[in-house]
Amino acid sequence: MARWCYRHRLVVLLLWVGALFGLGFSASTAGTNYANVFSLPDTDSKSAYDLMEKAFPSTSGDTDTVVWKVDDGSVRDQAVQDRIRPALDDIAKMPGVGAVTSPYDARGAAQVSRDGTIAYAQVTFVKRANEVPKELVQDVVDTAQKAERAGLQVDLGGQAIQRVQEPPQGLSETVGIVAAAVVLFLAFGSFFAMTLPIAIAVFGVGTGLFATQLLSHTTDVPDIAPLLASLIGLGVGIDYALFIVTRHRRGIQRGLEPEEAAVTALNTSGRAVLFAGGTVCIALAGMLVTRLRFLDGVVIGTSLTVVLSVLAATTLLPALLGFLGPRVLSRRQRRRLAAEGPEPEGASGLAARWSTFVEKRPRRTAALALVFMAVLAVPVLSLRLGATDQGNDDASTTTRQAYDLLAEGFGPGFNGPLQVVTEGGETSALVKGLEDTPGVARVAALPPARGVTVIQVVPTTSPQSVETDRLIDRLRDDVIPSAGVKAHVGGVTAVSKDFSAVTGDRLPLFIATIIGLGFLLLLVAFRSLVVPLTAALMNLIAAAASFGVLVAIFQWGWGLELLGLGKEGPINAFLPVIMLSLLFGLSMDYQVFLVSRMHEEWVHTRDNARAVRVGLAETSRVINSAALIMVCVFMAFVLSGDSGAAMAGVGLAAAVALDAFILRTALVPAAMHLLGDSNWWLPKGLEKRLPHLAVEPKEEAAPSPGTRADGGPSSAVHGFVRTAEGEPVAGAAVTLLSGGGRQLDRVETLADGSYIVSVPAPGTYLLAAAAPSFGSRARHVVVGEGPLVYDVELAEGEVDAVN
């Protein structure tokens with residue numbers, strides 16, 4: 001497939017461009033129909049909601065609030081009314097505004113605070129918040145705030161109002177792409193190579209978002225789904241292309257033609273990309289076990305974007321590589337290739353030195369990494385799930401100021417009232433019991449409708465307060481049963497509490513599901529029990545540490561002002577499920593790329609120390625570059641204006657950074673060095689029963705053994721093993737292996753450094769040499785009909801790679 005896409009690059013490019021613009025035109029024509037469906041069967045708040053729907057079947061549009069405060073006098077003063085009344089009248093006349101309830105009318109008399117300094121009006125639109133045109137909402141904001149003067153403050157709150165104060169759509173994505181482009185240019189040193197991952201991400205995310213927008217007309221997709229889909233799509237799209245382009249460039253630098261380098265890159269890194277994308281989708285699908293309908297649309301949007309990003313990386317990318325040819329290298333690299341010829345296979349520099357350091361000091365490395373992650377995980381012990389609201393917005397926003405004014409004038413609980421709903425029966429005893437309950441500020445019973453009575457209960461504490469949660473429990477467990485009626489507690493605050501409780505109850509099953517699925521995938525891919533167990537443990541460590549960071553920032557408030565993220569509060573109840581899905585998927589990506597390279601080396605040499613050393617040396621740089629790109633993309637979503645997306649962005653940025661820079665670069669290789677050959681242990685009975693899933697390309701079969709007429713071996717390889725200074729290396733292990741990794745002969749050098757190994761037949765073999773105090777050396781050797789003389793030079797701090 002890679003070769004076909006490379007040779008038919010124009011056709012592939014036109015197909016992708018047609019798909020992007022076709023989906024874009026269809027999506028823009030159809031519009032959006034996102035819906036936040038918090039369906040919580042068998043919960044008290046759902047029962048209350050069902051009764052309220054029975055009493056009030058006609059659904060009205062979004063209701064927002066205009067709040068004003070005077071520094072001196074009263075809001076009832078004629079001078080204040082002369083400024084506020086005309087503004088409210090103008091708002092009521094706007095097309096799209098259904099009604100305005102003013103405190104200066106008889107039915108709005110209760111909308112003035114006791115001290116008379118704060119009042120509010122309710123503006124009801126004819127459509128839901130996400131359907132109200134932003135131009136109309138902006139007109140409402142501008143009209144209301146024109147009434148401001150010295151000593152008169154006017155602010156607005158509500159879901160529709162919140163939409164117009166968000167940054168321009170696409171700002172976070174643009175900033176993330178620009179930051180990723182800078183990292184890619186520094187990594188590649190080539191403008192053309194830099195554009196490749198960006199192009200793949202744009203096509204993958206673009207088609208994914210347009211498709212999700214179209215699907216919102218056929219199923220319930222929450223409005224946060226496209227944000228999360230673009231967040232994860234940009235990250236994986238750029239990363240997957242980065243892994244393939246890096247392998248392609250390495251192939252060209254080592255003498256392959258661009259077409260062969262592209263085919264080889266797709267046959268190696270491309271396989272890992274397919275596997276990694278599958279693990280991300282499986283981790284995302286794990287959200288379905290929670291049976292929370294709100295998350296179904298998130299699974300659809302994010303999974304679809306990941307699939308399209310993988311498809312772009314494996315089809316569009318080889319086509320683009322065909323257009324670039326050798327220009328995927330920088331000019332300096334092309335000049336060096338022309339002047340000096342292909343580069344040798346090997347890894348050197350900081351990556352090789354770090355790999356050697358980890359091999360020499362695995363216990364110290366593992367201990368330091370574990371202590372660091374444990375310290376970061378401590379705050380997770382105080383994790384509290386809940387829901388953010390406009391009280392968590394930045395202090396400079398009009399929604400946050402309106403929220404604070406309402407809390408100041410009417411009490412902290414005014415922003416999250418409870419609805420006690422009962423059907424039939426006498427409610428006077430219930431109302432009396434509610435009024436006498438500690439923690440209740442006000443109680444107001446609305447006139448019955450269709451036999452259903454709604455009692456408005458305003459707590460004395462804020463919607464996010466622990467005391468409000470306890471009040472809801474007290475009403476359900478004590479107050480309502482004592483009144484002898486059947487009633488249910490609903491409202492936004494009660495729904496948030498029930499959602500948090502349901503999520504917390506189902507979280508263990510969800511975690512067990514995605515860890516179990518990841519374990520099975522890695523078991524099949526790497527034919528090992530220890531590798532998937534290690535990966536599962538590392539995923540749990542990464543999750544604990546990243547949630548510790550999240551709690552410290554968003555719940556404790558450490559650094560919130562620095563990030564411009566408003567006020568501290570509970571962690572969004574849906575975030576653990578979404579974040580763990582994405583984290584486990586991305587962690588599995590890095591595990592696959594790291595261990596697949598180790599496994600490739602293990603198959604060739606059956607030397608665990610060498611396999612871990614080479615795998616880390618060859619992949620750590622690209623994994624760290626990929627992680628840095630993801631951190632930039634995720635952190636850019638702090639600018640999204642959506643508190644949920646900002647929280648997910650910061651949490652995932654911390655998770656990816658810790659996973660790549662601490663776990664995969666230090667703890668995983670250190671643990672694998674300590675475990676030795678047991679990393680690759682698999683019971684023979686299980687080996688026979690497992691299906692075969694090749695993450696690496698199939699190895700070539702070893703040549704058929706041949707013998708001379710006298711019965712001796714067909715040929716031999718002999719020579720000397722020396723240091724860079726020419727000194728002989730005695731006792732060095734020299735191993736001859738087939739192309740498939742089967743050991744054919746193994747000897748130790750004599751005192752003068754000489755060796756000789758037997759060769760069964762002419763062909764290409766792998767000759768590996770290693771000594772305790774030196775770096776290992778491995779080379780492919782081509783043996784003809786006669787003996788081959790081959791000298792090996794060992795140098796400390798150098799790691800060879802077999803490709």
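Because the structure is predicted, anything quoted here is derived from the model rather than measured.
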For the pair [X] (side chain) and [Y] (backbone), establish whether a donor and an acceptor sit closer than 3.5 Å, ignoring hydrogens and angles.
| X | Y | result |
| --- | --- | --- |
| Arg249 | Phe188 | yes |
| His248 | Ala265 | no |
| Asn608 | Met672 | yes |
| Arg610 | Asp607 | no |
| Thr365 | Pro362 | no |
| Ser581 | Ala283 | yes |
| Thr665 | Ala660 | yes |
| Arg327 | Phe323 | yes |
| Asn624 | Arg621 | no |
| His8 | Trp4 | yes |

Subject >> Atom pair CD1/OH of Ile623 and Tyr590 - distance to nearest 0.5 Å >> reply: 8.0 Å
Subject >> Atom pair CD1 (Ile541) and CG (Leu667), whose distance is rounded to the nearest 0.5 Å >> reply: 5.5 Å
**OP:** Go through Ser230 and Leu209 one step at a time and tell me if the side-chain contact (heavy atoms from CB on, under 4.5 Å) criterion holds.
**Re:** CA-CA 7 Å; Ser230 59; Leu209 290 182; 4.0 Å; yes
Surrounding [atom1] of [X] (heavy atoms of other residues, nucleotides or ligands, distance under 6.0 Å), is the total greater than 12?
| X | atom1 | value |
| --- | --- | --- |
| Glu257 | CD | no |
| Arg361 | CZ | yes |
| Phe661 | CZ | yes |
| Phe357 | CZ | yes |

Original post:
When Met373 is tested against each of Asp659, Leu368, Leu658 for side chain to side chain contact (heavy atoms under 4.5 Å, CB included), which residue passes?
Top reply: Leu658
Original post:
Does any non-hydrogen side-chain atom of Val17 lie less than 4.5 Å from one of Phe203?
Top reply: yes
Original post:
Is Phe526 close to Ser596 at the side-chain level, that is, under 4.5 Å between some pair of heavy atoms?
Top reply: yes
**OP:** Could you tell me whether Arg3 sits above the aromatic face of Tyr6, with NZ or CZ closer than 6.0 angstrom to the six-membered ring centre and within 45 degrees of the axis?
**Re:** no
**OP:** May I ask you to say whether Glu618 pairs ionically with Arg613, meaning some side-chain N is under 4.0 Å from a carboxylate O?
**Re:** no
Original post:
What orientation do Trp602 and Trp680 show, parallel under 30°, tilted 30 to 60°, or perpendicular over 60°?
Top reply: parallel
**OP:** Report the C-alpha separation of Met538 and Thr534 in whole Å, then their side-chain angles, then the decisive distance to 0.1 Å, and conclude whether the side-chain contact (heavy atoms from CB on, under 4.5 Å) test is met.
**Re:** CA-CA 6 Å; Met538 297 302 163; Thr534 304; 3.9 Å; yes
